[in-house]
Amino acid sequence: MNKLPPVVLPKIEFTREFAFSDADFERIRKLIYKEAGISLNPSKKDMVYGRLVRRIRELKLPGFAAYVDFLESISGKREFEQFVNALTTNLTFFFREEHHFPLLAEHLKKKAAASGELAIWCAASSTGEEPYSLAITALEAVPGARISVLATDLDTSVLETGRKGIYAADKVARLPPGYAAKYFDKQPDGSFQAKSQLRNMITFQRLNLVESNWSVKRQFDAIFCRNVMIYFDRDTQFGVLKRFAPLLKPDGLLFVGHSENFYFASDYFHLRGKTVYEHAKKP
């Protein structure tokens with residue numbers, strides 16, 4: 001019996017609008033690492049293309065090499081903000097990693113009993129769902145306390161979203177039962193805006209965790225820095241954790257993301273529970 005020859009499918013070539021060489025990617029990789037501490041591996045090349053191609057179109061540049069040249073020029077300084085915004089991941093939703101919030105509530109009850117004043121830092125606030133979740137948790141736990149939440153992020157566009165506090169109905173639907181009506185006002189277009197009481201508790205400001213000089217000087221009862229340091233290499237992670245230590249009150253808590261483990265910073269932080277750290281015990 002004669003065998004049929006194997007079927008050879010034609011090779012499909014996908015062409016991009018702009019050429020994007022390995023050299024272009026390497027230049028971008030170095031720039032974003034220097035500016036934001038984000039470590040991009042080669043598997044992210046397609047993602048980088050998709051995130052930046054819109055900027056190249058809007059600037060009417062001939063390609064990626066020209067775009068990087070522009071970023072490195074004096075006239076391209078303003079574009080750097082757009083560059084960083086485009087490459088920053090901002091996945092978030094209300095009460096994400098929900099196991100942290102009961103722990104925070106119990107911690108704040110103990111702290112409020114001693115001082116009546118509470119300060120929380122959300123060090124990667126994105127579009128604001130996390131700092132609003134923290135503020136709601138604090139209000140529910142200790143309604144009579146003086147509560148302040150500092151919300152910082154590298155991306156200026158998401159900070160503006162957080163300041164406005166306006167979210168689509170499907171996002172607000174993630175809130176625990178009763179919280180939407182209690183803490184948000186429905187808008188004519190069907191969206192929801194955080195009530196002024198909630199918005200006034202939160203200060204949104206830009207902060208780059210890898211910059212040498214932070215504008216944050218005060219101490220906090222709790223610091224949330226979740227799912228951002230996974231993009232940093234270990235040296236950068238260690239540097240950030242070292243700088244968190246003096247900004248966390250002696251009995252404060254550091255909350256990190258579910259996939260983050262900072263055992264290598266044991267001189268500064270001790271794992272208290274599931275992705276929750278406290279100051280390392282002194283000898």
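Please read all numbers here as calculations on a predicted model, not as lab measurements.
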Using 4.0 Å as the upper bound for N to carboxylate O, is an ion pair formed by R57 and E17? yes
Using 30° and 60° as the class limits, which term best fits the ring planes of W214 and W121: parallel, tilted or perpendicular? perpendicular
Between R27 and D69, is there a side-chain N and carboxylate O pair less than 4.0 Å apart? yes
Parallel, tilted or perpendicular: ring planes of F204 versus Y132, cut at 30 and 60 degrees: tilted
For L87 and L52, run side-chain contact (heavy atoms from CB on, under 4.5 Å): C-alpha distance rounded to whole Å, both residues' side-chain angles, the deciding distance at 0.1 Å, then the answer. CA-CA 8 Å; L87 292 182; L52 295 179; 4.1 Å; yes
Would you say R272 has more than 12 foreign heavy atoms packed within less than 6.0 Å of its CZ? no
Apply the test side-chain contact (heavy atoms from CB on, under 4.5 Å) to residues E97 and N227: give CA-CA distance (whole Å), side-chain angles for both, the deciding distance (0.1 Å), then the verdict. CA-CA 10 Å; E97 296 185 39; N227 306 305; 2.8 Å; yes
Between F64 and Y67, is the ring centre distance below 6.0 Å? no
Looking only at side-chain N and O atoms, does Y277 offer a donor or acceptor that is under 3.5 Å from a partner on E260? no
Could you check whether D233 and Y33, counting side-chain N and O atoms only, form a donor-acceptor pair closer than 3.5 Å? yes
Yes or no on side-chain contact (heavy atoms from CB on, under 4.5 Å) for F94 and Y167, after CA distance, side-chain angles and deciding distance? CA-CA 10 Å; F94 290 107; Y167 301 95; 3.8 Å; yes
Side-chain ion pair, D22 and K45, N-O less than 4.0 Å: yes
Would you kindly confirm whether L271 and L254 end up in one hydrophobic cluster when ILVMFWY residues are joined by side chain heavy atoms under 4.5 Å apart? yes
R96/E129 salt bridge by N-O under 4.0 Å criterion: no
Count the heavy atoms belonging to other residues, nucleotides or ligands that lie under 6.0 Å from NZ of K249, then report whether that count exceeds 12. yes
May I ask you to check whether H279 and F269 place their ring centres under 6.0 Å from each other? yes
If the plane angle is over 60° it's perpendicular, under 30° parallel, otherwise tilted; pick one for F264 and F238. tilted
Taking the cut-offs as 6.0 angstrom to the six-membered ring centre and 45 degrees off its axis, would you call R29 and F25 a cation-pi pair? no
Do the charged groups of R206 and E211 touch, with an N to O distance under 4.0 Å? yes
